[in-house]
Amino acid sequence: MTKIPHKLFLTEDQMPQQWFNLRAVMQEQPDPMLHPGTLQPVTEADLAPIFCEELARQELDETHEFIDIPEQVLDIYKMYRPSSLIRAYDLEKALGTPAKIYYKYEGNNTSGSHKLNSAVPQAYYAKMQGLSGVTTETGAGQWGTALSVACAYFDLSCDVYMVKCSYEQKPFRKAMMHVFGADVVPSPSTLTQVGRKILAENPDTTGSLGCAISEAVEAATTGSSKRYVLGSVLNQVLLHQSIIGLESKLAMEMLGEYPDIVVGCAGGGSNLGGLIAPFVADKIRGVKNPRIVAVEPASCPSLTRGKYAYDFCDTGKVTPLARMYTLGSGFIPAPNHAGGLRYHGMSPILSKLYHDGYMEAVAYEQSKVFEAAVFFAKHETILPAPESSHAIKGTIDEALRCKETGEAKTILFGLTGTGFFDMTAYENYLSGKMTDYIPTDADLQKGFDSLPDIPQNKGI
């Protein structure tokens, strides 16, 4: 029997030529986004002032199972894809587990994460529409970095509103965006009406993704030459990220493997949705029955402690409403939370899958997450991003359960990127300065109180 290699790289010719639209195989669709003024389902025309035309179409597409990847996007993908599928032999040995552990590593590109998979097509569609640039938000900075790379390639301006505490904690992320020509602003700022309003109400706020989204949307919609783009949550983003899962499934098939458990970190849902897409499709169709496990931070527990309700996607309440697991658009995560995964809500697709029982969720304190990250780094030689380390912690726990039961399960997890820009957080952990924060029920209630009082939320 041939030993499974440590790393498997697909060839460029084996790279998927189409994205996979999970909604096309879901038995029940996520509830539609609602126009904030009329509370009616949004149309392409409603989204056109915010998003690029093609992205608006992809956002609402529930019928096409596969969507062609434009040739120019494929050409850029080939600069860093296909990404490697790695067998974690040394981690397995260190844990003493009979489980077989695989991870899909998305950190081998300049942006250092999976975010480039969606940044490239979003910048491409903006260029094809004749726009001059795009606006966006970023939390830990991975998305802003990826988008700045993509915009530089297509010669587009890139305005990034970065969550203030991350802007201050991660100066090298900001510097990386500047290298590629992006304009980076700490959010909330005085550059937008919504930013000034938020600051007037709470001058000392450390910011949130919801705040930054509000500012980026306002900046995009006050002129005609730019559009807003988003790195997570939206259907279009999960569509683009499906290339992760498609490559993973093909690589595992080549090895004669199929995961019993698929684990991913969960913030807004981009990497998790992309990784699990073909596997949860098998689950929906009854072909296979893998466990799907979402791992989120205990400090921002939208799935494990949130409410399934219609909510604004931003703090300024200017975006459409989405039905999702949410902590309320007014929820501000603790500034001592070191990783990304700060968003108050969760992808409507993933929220629906979780609500319907296709997916599980677990939350961990960040000190336990960093403990798992350091353990992984020492045995697999890759310094993981704090976000990815949530999935590592979940995987280690699953592997240790296999050790207890003697089951040789196959586990696949998503390693979304590197931790090279997160050394302050690692240093805080190693020096004992890192603290854990778990919001109380009273803390969460403040966010729930911001849920919109609309008929669709009655009884929640």
Side-chain angles (χ1 to χ4, degrees), residues 4 6-8 83-95 97-108 113-114 117 142 241-252 255 257-267 269-280 282-283 288 290-297 303 339-341 350 359-364 368-403 407-419:
I4 291 174
H6 279 79
K7 294 186 296 295
L8 177 63
S83 65
S84 56
L85 179 74
I86 302 176
R87 174 73 181 270
Y89 279 113
D90 290 285
L91 180 63
E92 294 170 11
K93 182 179 179 181
L95 294 173
T97 179
K100 292 180 286 184
I101 302 173
Y102 293 87
Y103 57 96
K104 184 67 165 167
Y105 181 46
E106 292 290 314
N108 277 331
S113 80
H114 70 292
N117 300 329
Q142 288 183 343
Q241 295 293 355
S242 66
I243 194 167
I244 302 173
L246 293 171
E247 285 185 5
S248 299
K249 188 178 182 186
L250 176 57
M252 294 196 80
L255 298 173
E257 294 276 34
Y258 191 94
D260 298 296
I261 308 169
V262 184
V263 184
C265 62
S270 63
N271 87 91
L272 176 64
L275 175 67
I276 71 172
F279 301 107
V280 79
D282 285 347
K283 192 178 181 82
K288 297 280 188 177
R291 284 180 55 219
I292 310 295
V293 182
V295 186
E296 62 183 6
L303 284 172
L341 312 184
L350 297 182
M359 189 170 77
E360 306 168 28
V362 62
Y364 292 111
K368 294 180 180 178
V369 168
F370 274 83
E371 179 184 18
V374 170
F375 185 84
F376 176 87
K378 288 179 177 178
H379 293 286
E380 290 295 316
T381 75
I382 296 174
L383 184 74
E387 296 84 358
S388 311
S389 302
H390 290 74
I392 291 171
K393 170 60 177 170
T395 296
I396 288 174
D397 281 2
E398 292 291 346
L400 291 177
R401 274 191 279 273
C402 288
K403 182 178 181 179
E407 296 174 283
K409 292 184 178 180
T410 300
I411 305 171
L412 169 66
F413 76 89
L415 181 51
T416 62
T418 69

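Here the structure is a predicted model, which is why all the values come from computation and not from measurement. Index from 1, following the sequence.
- Rounding to the nearest 0.5 angstrom, the gap separating the OH atom in Y103 from the CG atom in L91 is 8.0 Å.
- Rounding to the nearest 0.5 Å gives a distance of 11.0 Å between CD of E387 and CG of L415.
- The distance from atom OG1 of T416 to atom CD of E106, rounded to the nearest 0.5 Å, is 8.5 Å.
- When atom types are taken as modelled, the side chain of T410 and the backbone of K100 share no donor-acceptor pair closer than 3.5 angstrom.
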Check the pair V295, V369 against side chain to side chain contact (heavy atoms under 4.5 Å, CB included), reporting the backbone distance first and the verdict last. CA-CA 10 Å; V295 186; V369 168; over 6 Å; no

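- Residues A391 and G414 come closest through the heavy atom pair CB-O, 3.9 Å.
- Not a single donor-acceptor pair under 3.5 Å links the side chain of T395 to the backbone N or O of F413.
- S388 places a side-chain N or O within 3.5 Å of a backbone atom of G417 that can act as its donor or acceptor partner.
- The distance from atom OG of S389 to atom CD1 of I396, rounded to the nearest 0.5 Å, is 9.0 Å.
- Salt bridge status for R401 with D397: absent, with no side-chain N to carboxylate O gap under 4.0 Å.
- Taking CE of M252 as the start and CG of L255 as the end, the distance is 7.5 Å to the nearest 0.5 Å.
- E296 places no side-chain N or O within 3.5 Å of a backbone atom of L341 that could act as its donor or acceptor partner.
- You'll find the side chain of K288 stays beyond 4.5 Å of the side chain of F279, heavy atoms only.
- Annotation for I86 and E380: closest pair CG2-OE1, 4.4 Å, computed over non-hydrogen atoms.
- The shortest side-chain heavy-atom distance between F370 and P386 falls under the 4.5 Å cut-off.
- T97 and C402 make their closest contact through OG1-CB, 3.8 Å (heavy atoms, listed as atom of the first residue, atom of the second, distance).
- Between H379 and F375, the angle of the ring planes lies from 30° to 60°, which puts this pair in the tilted group.
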Side chain to side chain contact (heavy atoms under 4.5 Å, CB included) between L412 and E257, worked out: CA-CA 10 Å; L412 169 66; E257 294 276 34; over 6 Å; no

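- Judged by distance alone, with hydrogens and angles left aside, the side-chain atoms of Q241 form a donor-acceptor pair with the main-chain N or O of H114 at under 3.5 Å.
- Of the candidates D260, V362, I261, E398 forms a side-chain contact (heavy atoms from CB on, under 4.5 Å) with just one, namely I261.
- K403 contributes a side-chain N or O that, together with a main-chain N or O of L95, makes up a donor-acceptor pair within less than 3.5 Å.
- Put simply, CG on L303 and CG on L272 are 8.5 Å apart, with the number rounded to the nearest 0.5 Å.
- Of all non-hydrogen atoms in P384 and I382, the two that sit nearest each other are CD-O, 3.1 Å.
- For the pair T381/D90, no side-chain contact is recorded, criterion being any heavy-atom separation below 4.5 Å from C-beta on.
- Under the 3.5 Å distance criterion, the side-chain polar atoms of K104 are matched with a main-chain donor or acceptor of S83.
- M359 is not listed as a side-chain neighbour of V280, based on a closest heavy-atom distance of 4.5 Å or more.
- Judged purely by atom type and a 3.5 angstrom limit, N271 uses its side chain to pair as donor or acceptor with the backbone of C265.
- A 4.5 Å side-chain heavy-atom check between T418 and Y105 finds at least one atom pair inside the cut-off.
- Counting heavy atoms from C-beta outward, Y258 and P290 have side chains that approach closer than 4.5 Å.
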